[in-house]
Visitor: 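Below you'll find the structure I mean.
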There are 2 protein chains.
Amino acid sequence: MKPDALRGHLDALLLATLDGRQLHGYAIIEALQQVSGGALDLPTGTVYPALRRLERAGHVVSDWSTVGGRKRRTYRLTQAGQKALHAERSAWREFTTVIDGVLGGGGKWAQT
Amino acid sequence: MKPDALRGHLDALLLATLDGRQLHGYAIIEALQQVSGGALDLPTGTVYPALRRLERAGHVVSDWSTVGGRKRRTYRLTQAGQKALHAERSAWREFTTVIDGVLGGGGKWAQT
DNA sequence: CGCTATATGTAGGGTCGCTACTTATGAACG
DNA sequence: CGTTCATAAGTAGCGACCCTACATATAGCG
């Protein structure tokens, strides 16, 4: 998959991954690898800044914890984040519908 | 639809619009408006540079013509463009499958 | 003549994911 | 004890690319 096809959809992935549970950054990356069957292998330089953006936007909050001497910043959705996730899902459906309409067309552009 | 959700998918739209016919830039914009029911209203500053990129890449070629005193640069797909369109369609299917898998999940993230 | 639709184009900016690098700890291995 | 690897978080800077705004030109209408 080309690198930045994700442009504009990364937030949705992160919010969805945090839906119903709390995870730290590293775990989010691993979770995305798993659910995508390895197709999504996001570098830390992509995920950490994105999480901070989401926190600045008020969509997630973070707590520090220390597990086995290692610091973990654990994120979870806020109510605004839940709302944002809902909005992202709608936007995604609309987006795919529009693009599918252009790409698929049903069989060429067939003006009926 | 947020403006640059298109990021990385614009080429696919343009190639698909030119599939099986030849159009000039302005007509491409109108065609995309029509097939998307108005959801896609691309500014000329987006489309024209994109078409030149595609031409540099060898995916389309252009011919000048004058219709009613107005100059038109008419584009059509090359064989490489056809191939690229095919690749874009596959990439799009893969992309949506992956993102759908994360966003939909089937009902939360349900680790089975 | 002025205004709108048609038609193409350039300049500059801003976003955002990526590459590459840094820092730090615990565990395993010799 | 020292080296290396996995875990964990982070920053700096780059580059692609879509957008806003503007420039240019003609045809047609009032």
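To find a chain, count down the sequence lines: A is the first, B the second, and so on, and within it residues start at 1.
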Visitor: Could you state the interatomic distance from OG1 (B/T17) to CD (B/E30), rounded to the nearest 0.5 Å?
Guide: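 Between B/T17 OG1 and B/E30 CD, I get 12.5 Å after rounding to 0.5 Å.
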Visitor: For the side chain of B/H24, counting heavy atoms from C-beta on, which of C/dA7, D/dA9, C/dC18 is nearest?
Guide: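 Shortest atom-to-atom distance from the side chain points to C/dA7.
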Visitor: If you measure from the Lys or Arg side-chain nitrogens to the Asp or Glu carboxylate oxygens, is any gap between B/R72 and B/D63 under 4.0 Å?
Guide: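 Judged by the 4.0 Å cut-off on N to carboxylate O distance, B/R72 and B/D63 do not form a salt bridge.
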Visitor: Do any N or O atoms from the side chain of A/E55 and from the backbone of A/S62 form a donor-acceptor pair under 3.5 angstrom?
Guide: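 At least one qualifying donor-acceptor pair exists.
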Visitor: Starting from P on C/dA7, measure out to OH on B/Y75 and report it in whole angstrom.
Guide: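 Taking OH of B/Y75 and P of C/dA7, I get 14 Å after rounding.
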Visitor: Take the C1' atoms of the five end pairs on each side of the helix from C/dC1-D/dG30 to C/dG30-D/dC1, get both axes, and report the angle to 10 degrees.
Guide: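 One end axis against the other gives 0°.
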Visitor: Under 3.5 Å between N/O atoms: give me all the protein pairs with nucleotides 11-15 of chain D, atom names plus distance.
Guide:
{"from": "D/dG15", "atom 1": "N2", "to": "A/R7", "atom 2": "NH2", "distance (Å)": "3.0"}

Visitor: How far does CG of B/L15 sit from CZ of B/R89, to the nearest 0.5 angstrom?
Guide: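 It comes to 9.0 Å.
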Visitor: Report yes if at least one side-chain N or O of B/R53 is closer than 4.0 Å to OP1 or OP2 of D/dC18; otherwise report no.
Guide: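 Indeed, a polar side-chain atom of B/R53 lies that close.
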Visitor: Please work out if B/L42 contacts a base, only the sugar-phosphate, or nothing of the nucleic acid, heavy-atom cut-off 4.0 Å.
Guide: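 Answer is nothing: B/L42 stays at 4.0 Å or more from every strand.
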Visitor: Among B/L13, B/L51, B/L42, which one satisfies side-chain contact (heavy atoms from CB on, under 4.5 Å) with B/I28?
Guide: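 The passing option is B/L51.
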Visitor: Measure across A/V60 and A/T78 and return the closest heavy-atom pair with its distance rounded to 0.1 Å.
Guide: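 Of all heavy-atom pairs spanning A/V60 and A/T78, the closest is C-CG2, 3.9 Å.
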Visitor: For nucleotides 24-30 of chain D, just jot down a letter per nucleotide in 5' to 3' order: B, S or -, based on protein non-hydrogen atoms under 4.0 Å.
Guide: --BS---
